[in-house]
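Just so we're clear, the structure is a prediction, and the values are computed from it rather than from any experiment.
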Amino acid sequence: MRIILFSLLILSSLNSFSTKITSISSGDWSQSSTWDLNRAPSCEDTIVIDASHKVDISSDINLEHCNNKISILIKGILYFSKNGSKLRLPENAYVNITSTGLLDSYTYNGATNFIRFGNNSVWESKDGPQTGVSFGNAPLPIKLIAFNATSKGNSVVLTWQTATEINNDYFTIERSVNADNWEEILYVTGAGNSNKTETYTSTDLNPLNSTAYYRLKQTDFDGKSEYFNVVAVNLENELTHNITVYPNPVIENTSVSVKHNFSENNSTITISVKNIEGKEMTSFVSGKSKTTIKGLPKGLYFVTVSTESTQQTEKLIIQ
């Protein structure tokens, strides 16, 4: 999702995290009635100009002293409406003009109006109208600690934790029967901006009666998104069919044992291994209750033991 990453060094230097402030009508930047927080944007803000609004800068707006990273998302119009209109931001600021947004000025002569990051001018009135471009480096959206799926009765409980969040609008949970084709099943609102551990829980009340793969998707206020790790869980015959993968985690080039209690009498037992992208690394038929796997490179895998009627999956980590 994030093509341009904001450096961890800069992130660690921020004193606090921003608040989202959104335009609620067309108007002047400095007027409180233009914004949903009933005040003009300040150092602590992620600033969003809605697609239906035109926000005018009619004076010299100076925020370059701010210690926090200021992000501006222009979905509508940011318009420099007078001679000498300026927007001064910190060196680490970020301005994103979407494909529906517009940065414009009443004049295109010289550098009368400008946006400046510290001492660096990123746009001047002589550059003309701008749309579908960005200035500066985008902030990292979230730092994920963990994402897990656990069967509980006839449902699957999804839990995840974040260490930090910046401009995080919402999460979605996607589910797949084969780790290739995905469907969105759950939606959870994000914390927006946070510098403490946030814990989320959501429940799949209608899970698949087989192995199901789940993955976490995060979406920013500006619509950009990214995916995180895939997890697997199985509900079918949960109490009677089990598999064990050990040692786990394991160092690369070490043999891994796969032990199961599936009955070999009634059907063929297949053991398969897929990577986190759903690509099958190996698959074979085994008539034994204990099998050895070796030769997988470092990474996260899903080991599945299946028959014609049931299957179980275990995660394998090779370090």
Q: So W123 and F80, ring-ring contact (aromatic ring centres under 6.0 Å, His included) or not? Walk me through it.
A: CA-CA 12 Å; W123 174 83; F80 288 72; 5.1 Å; yes
Q: Before you tell me yes or no, could you show the steps for L144 and N229 under side chain to side chain contact (heavy atoms under 4.5 Å, CB included), namely the whole-Å CA-CA distance, both residues' side-chain angles and the distance that decides it to 0.1 Å?
A: CA-CA 10 Å; L144 185 70; N229 58 299; 3.8 Å; yes
Q: Does a donor on one side chain sit under 3.5 Å from an acceptor on the other, for Q161 and T199?
A: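 Yes, T199 and Q161 have a side-chain donor paired with an acceptor closer than 3.5 Å.
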Q: With a 4.0 Å cut-off, would you call E183 and R175 a salt bridge?
A: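 Result for this pair is yes, salt bridge flagged.
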Q: Apply the test side chain to side chain contact (heavy atoms under 4.5 Å, CB included) to residues V188 and L158: give CA-CA distance (whole Å), side-chain angles for both, the deciding distance (0.1 Å), then the verdict.
A: CA-CA 11 Å; V188 178; L158 292 307; over 6 Å; no
Q: Is the closest side-chain donor-acceptor distance between D50 and S23 under 3.5 Å?
A: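 The criterion, which ignores hydrogens and geometry beyond distance, is not satisfied for S23 and D50.
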Q: Could you tell me if D169 and T219 have a donor-acceptor pair between their side chains, going purely by distance under 3.5 Å?
A: no
Q: Can you find a side-chain donor-acceptor pair between D204 and Y214 that sits under 3.5 Å?
A: yes
Q: If you group Ile, Leu, Val, Met, Phe, Trp and Tyr by side-chain heavy-atom gaps below 4.5 Å, do F147 and I142 land in one group?
A: yes
Q: Compute whether any side-chain donor of one residue and acceptor of the other, for Y227 and E174, lie under 3.5 angstrom apart.
A: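 There is such a pair between these side chains.
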Q: Determine whether F135 and Y94 satisfy the following criterion, side chain to side chain contact (heavy atoms under 4.5 Å, CB included), listing intermediate values before the conclusion.
A: CA-CA 6 Å; F135 307 122; Y94 175 65; over 6 Å; no
Q: Would I70 and I47 count as a side chain to side chain contact (heavy atoms under 4.5 Å, CB included) here? Give the steps.
A: CA-CA 8 Å; I70 293 179; I47 303 157; 4.0 Å; yes
Q: Answer with yes or no whether the side chains of S125 and T107 bring together a donor and an acceptor at under 3.5 Å.
A: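 No, S125 and T107 have no side-chain donor paired with an acceptor closer than 3.5 Å.
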Q: Flag the pair K279 and D180 as a salt bridge only when some basic side-chain nitrogen lies within less than 4.0 angstrom of an acidic carboxylate oxygen.
A: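 Looking at K279 and D180, the cut-off is not met.
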Q: Would K54 and Y79 count as a cation-pi pair here, with the cationic atom under 6.0 angstrom from the ring centre and within 45° of the axis?
A: yes
Q: Under a 3.5 Å cutoff, is there a donor and acceptor pairing between the side chains of Q218 and N168?
A: yes
Q: Determine whether the side chains of D28 and S58 contain a donor N or O and an acceptor N or O closer than 3.5 Å.
A: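 Yes.
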